[in-house]
Structure formats: C-alpha cells, structure tokens
Protein chains: 2
Amino acid sequence: MADVKPIGKALFLREEELRRGIELMFFAYRDFTGEADSILAEQNMGRAHHRAIYFIGCNPGITVSDLLTILCITKQSLSRVLSGLMQDGYVTQKPGATDRRQRLLYLTETGIVLESRLTSLQGRRFAAAYREAGVDAVDGFQRVLRGLLDSDTIDQIDQQDQTSYI
Amino acid sequence: MADVKPIGKALFLREEELRRGIELMFFAYRDFTGEADSILAEQNMGRAHHRAIYFIGCNPGITVSDLLTILCITKQSLSRVLSGLMQDGYVTQKPGATDRRQRLLYLTETGIVLESRLTSLQGRRFAAAYREAGVDAVDGFQRVLRGLLDSDTIDQIDQQDQTSYI
DNA sequence: CTATATTGGTCAACATGGCTGACGTAAAAC
DNA sequence: GTTTTACGTCAGCCATGTTGACCAATATAG
C-alpha cells in the first residue's frame, strides 16, 4: 500500500491499472447518469423510475415479475415506483391474455416521450464517446463490461435478447 | 421505437448498440459494486463509506474539501460518513501543518485492512475481465469510459494524477 | 489590527430508494 | 378443493443524498 518499493514494475502497473478501472467506473457511472437525473428531478422522479421506464420501454408488455428479475430489487420497492408512474400517467397495465393474474406493463404516450428523451440523452453521450474512441474501442469496452458481470446477469441478458414481449 | 421498419440498417444497429451500452453500464456497475456492498453491509457501512475509504486510501492526507471535490456530495453528507468512520476507527485526522484549519485524513491500520480487502475484491473482478478481454480491449474500455465523463471530471482526474498528498 | 474569506463542523428537516415482515386477493395449477 | 403463483399493500427501518441555518477556528487581505 504505502510500500512504494516496487516488487516488480509489472505488478505495480497492474495495481495502478486496476485502480484506474475502479475509479473510471465510479466517475463514468456518475456522469453518465447525472444528466438524466436532472431531468428526472424536474418531474419529481428518481433513478428508480428511470430504470422502470427504460426496461418497460424496450420490453413493452413485460410482467411485473420479469421486471423484478431484471432489476433485482424487492417487489415492494418496485411497487412503490410503479404506482407512482401509473398515477402520473407514464405507465399503464393490462391483464395478461393467458394468465390474467399478470399485469403487463406498457408506457403511455407521455411515458414514451419521457423515455426517449432520457434514452437519447444518454445515447448521445455514448455516441460521442464511441465516436471519439473508435469501433475497436467500443468492442473492447463491451467485452470488458461483460467480463465485469456476475454469471447470472450474463445469462439474464442473453436470455432477454431472445425474449420478445410483443 | 416500435418502428421496426429499418430506415437504414446502420441507424438501427446504432440505436441497438447505444441501448446495449446503456444496459451494460447499469448491470456492470451493479455487479461491480455488489460484492463490496455485501462486505460493507456486514460492518454496517454502505457505498458512501467505501468511497471515502477508497479515496482517503489512495490520497493519504487529503483534506476534507479536496475529498468533497472528488465525491461531489455536500459536506453534510460527507461529514456524517466521516464521523462514522472515525468513531469506528477506520479513519483518523490530523491538523494541516501549514493551514491548521484543515483536517488531513488518513486510514488507520484497520482502515487500510478494510480498504485493501474491498479494493482487491474489485480489483480481482477487473483483473479477470481484463484478462478475458485482452490488452487492446482494456485500452478501448478506458477510452470509452473517459469519453463518458463530464469535462470537469476529466480535468479533475488529470489534476488528481499529478497531486501528491504525501 | 481588523475585516473578510476559507475550512470544517453541527443541527434540523426532508426525499429517495433500498430493505424486511406481515397480510390480502385473485387466478392458475394440481 | 387445496395449494401455489402473481401481484398489491401497509408499516417501519436504514443509508445516503439534499437544503438551510448557524458556529468556530484560522488564514489572509486591507
């Protein structure tokens, strides 16, 4: 730690490199979410609302339990958020066709507008970063990020790519 | 949105690509912090404590206001966290040599132990991801993450790299 | 030397968004 | 007909962010 005496340059660089990664993740995630957070704050919403809107937006008709699986939070936490979103007219639900216990979630027109505002904001940030960094960098970026995931999350993402809620 | 009719394949891929980035950031950050969060929870601490410990750990003798600049939170929030950390013996402070208003922050032995436990945990995750993805991917990863930063954050990081608090 | 600015802390109050536990209801599945 | 599932609700707790007000010690500029 305070052991500046290099046990080996490779190892020292490695430690530095890992710390750089850790820090970059912290700062990048903060800045990446920051802009959206401001917009959300205007509408008295938070990041939790954003997540719900986002995943309902790209999985229209998703069930509550599938959304819970994606978000990995308790149903109580999600329920609070969803109630708010429905009360404010961003989200609607309709009973499942085959299983009528299910509440299939959809964005309203207002919800779609907000979702695309937020997503295009974050998308623009990504687009700029991708453009600066180049195609190869983007591939590396995604490979490393995937490497950071828990194995359950990887399964979930792959599975989600196949599933269509439409 | 539901407009599957491709206006152009490049554009469609781009939208998909951006969404993939957004989602990967969310999942990766969650999983990346998850392990450390568990350990912290055992000691009745949260992510805020971790951040403080981390940045004190790699900037021993940092002042409160410099730490505030890094973390971008209010001094009230930080103060609460620091008080806890000092009470529990993870952090000590000593008055600045030149400016005696300053409280220079240091990790105690206990603090160092915890910090390295947490950092090596996150470091191992990064090391694995880096190893899997390869050197070029790591470079791309870092380039893209830097591209996601606000310009102020970039300045701050570059400046921080030069500053030595020792 | 005095006035002001800086560094840092404190108290109070509030919101968000996690959590647990308990309990209820409707519908599906067996 | 009983059990399981999908979903909701109420109550309360905790961590962590926020504002606003106010205070003390010290540095610095006039």
Side-chain angles (χ1 to χ4, degrees), chain A residues 26 29-30 33-34 36-56 61-88 91-106 165, chain B residues 26 29-30 33-34 36-54 56 61-88 91-105 165:
Chain A
F26 167 58
Y29 191 76
R30 187 187 60 190
T33 53
D37 286 351
S38 314
I39 290 186
L40 290 158
E42 289 168 19
Q43 347 260 262
N44 293 312
M45 290 195 255
R47 218 174 276 178
H49 299 84
H50 186 186
R51 284 174 201 144
I53 287 178
Y54 178 88
F55 286 108
I56 295 170
I62 191 175
T63 63
V64 174
S65 70
D66 283 346
L67 189 50
L68 278 175
T69 305
I70 292 177
L71 296 175
C72 289
I73 57 174
T74 59
K75 65 172 176 173
Q76 291 92 327
S77 297
L78 179 57
S79 199
R80 182 170 41 198
V81 168
L82 283 181
S83 311
L85 288 175
M86 291 193 295
Q87 204 163 357
D88 298 351
V91 168
T92 47
Q93 58 184 20
K94 67 177 188 191
T98 59
D99 185 337
R100 291 184 39 236
R101 290 170 304 179
Q102 297 177 335
R103 266 85 155 182
L104 308 186
L105 302 168
Y106 297 90
Y165 292 89
Chain B
F26 166 59
Y29 191 74
R30 188 188 60 189
T33 53
D37 285 351
S38 314
I39 289 186
L40 290 158
E42 290 168 19
Q43 348 261 237
N44 294 311
M45 291 194 254
R47 220 174 275 179
H49 298 86
H50 187 186
R51 285 175 200 142
I53 286 179
Y54 179 87
I56 296 171
I62 192 175
T63 64
V64 173
S65 70
D66 283 346
L67 188 50
L68 278 174
T69 305
I70 293 177
L71 296 176
C72 289
I73 56 174
T74 58
K75 65 172 175 170
Q76 291 91 328
S77 296
L78 178 57
S79 199
R80 183 171 37 197
V81 168
L82 283 181
S83 310
L85 287 175
M86 290 192 296
Q87 204 162 356
D88 297 352
V91 167
T92 46
Q93 57 184 20
K94 66 177 190 191
T98 60
D99 186 338
R100 291 185 36 237
R101 289 170 305 179
Q102 298 178 333
R103 267 84 155 184
L104 309 186
L105 302 168
Y165 290 89

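A quick note: this is a predicted structure, and the numbers were derived from the prediction, not measured.
- Taking the six-membered ring where the residue is Trp, B:Phe26 and A:Phe55 present tilted rings, their angle falling between 30° and 60°.
- The closest side-chain heavy-atom distance from A:Leu85 to A:Leu105 is not below 4.5 Å.
- Two residues, A:Gly46 and A:Thr98, neighbour DNA chain C, and the one matched to the more 5' nucleotide by heavy-atom proximity is A:Gly46.
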Indicate every side-chain donor-acceptor pair of residues 40-53 of chain A with a distance under 3.5 Å to a residue at least two apart or in another chain.
from	atom 1	to	atom 2	distance (Å)
A:Arg47	NE	A:Asp37	OD1	3.3
A:Arg47	NE	A:Asp37	OD2	3.2
A:Arg47	NH2	A:Thr33	OG1	3.3
A:Arg47	NH2	A:Asp37	OD2	2.7
A:His49	ND1	A:Gly46	N	3.0

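- One can place CG of A:Leu71 at 10 Å from P of C:dC19, the figure rounded to the nearest angstrom.
- The stretch residues 47-56 of chain A touches DNA chain C through A:Arg47, A:Ala48, A:His49, A:Arg51, each having a heavy atom within less than 4.0 Å of the strand.
- Taking CG from A:Leu78 and CD1 from A:Ile73, the interatomic distance works out to 5.0 Å, rounded to the nearest 0.5 Å.
- Interatomic distance, A:Thr63 OG1 to A:Gln102 CD, rounded to the nearest 0.5 Å: 5.5 Å.
- Put simply, CG on A:Asn44 is 20 Å from P on D:dG17, counting in whole angstrom units.
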Counting primed atoms plus P, OP1 and OP2 as sugar-phosphate and everything else as base, spell out the protein contacts along nucleotides 3-11 of chain D at 4.0 Å heavy-atom distance: B, S or - for each nucleotide, 5' to 3'.
--BSBBBB-

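- Of all heavy-atom pairs between A:Leu82 and A:Leu67, the closest is CD2-CD2, 4.5 Å.
- Atom CE of A:Met45 is separated from atom C1' of C:dG17 by 15 Å (rounded to the nearest Å).
- Nearest nucleotide to the side chain of A:Thr74, out of D:dA27, C:dC19, C:dA27: C:dC19.
- Nucleotide C:dG17 holds its C1' atom 12 Å from the CG atom of A:Leu78, rounded to whole Å.
- Atom pair A:Lys94:NZ and C:dA26:C1' shows a separation of 20 Å (rounding to whole Å applied).
- In this structure, the CD atom of A:Glu42 is 17 Å from the P atom of D:dT18, given to the nearest Å.
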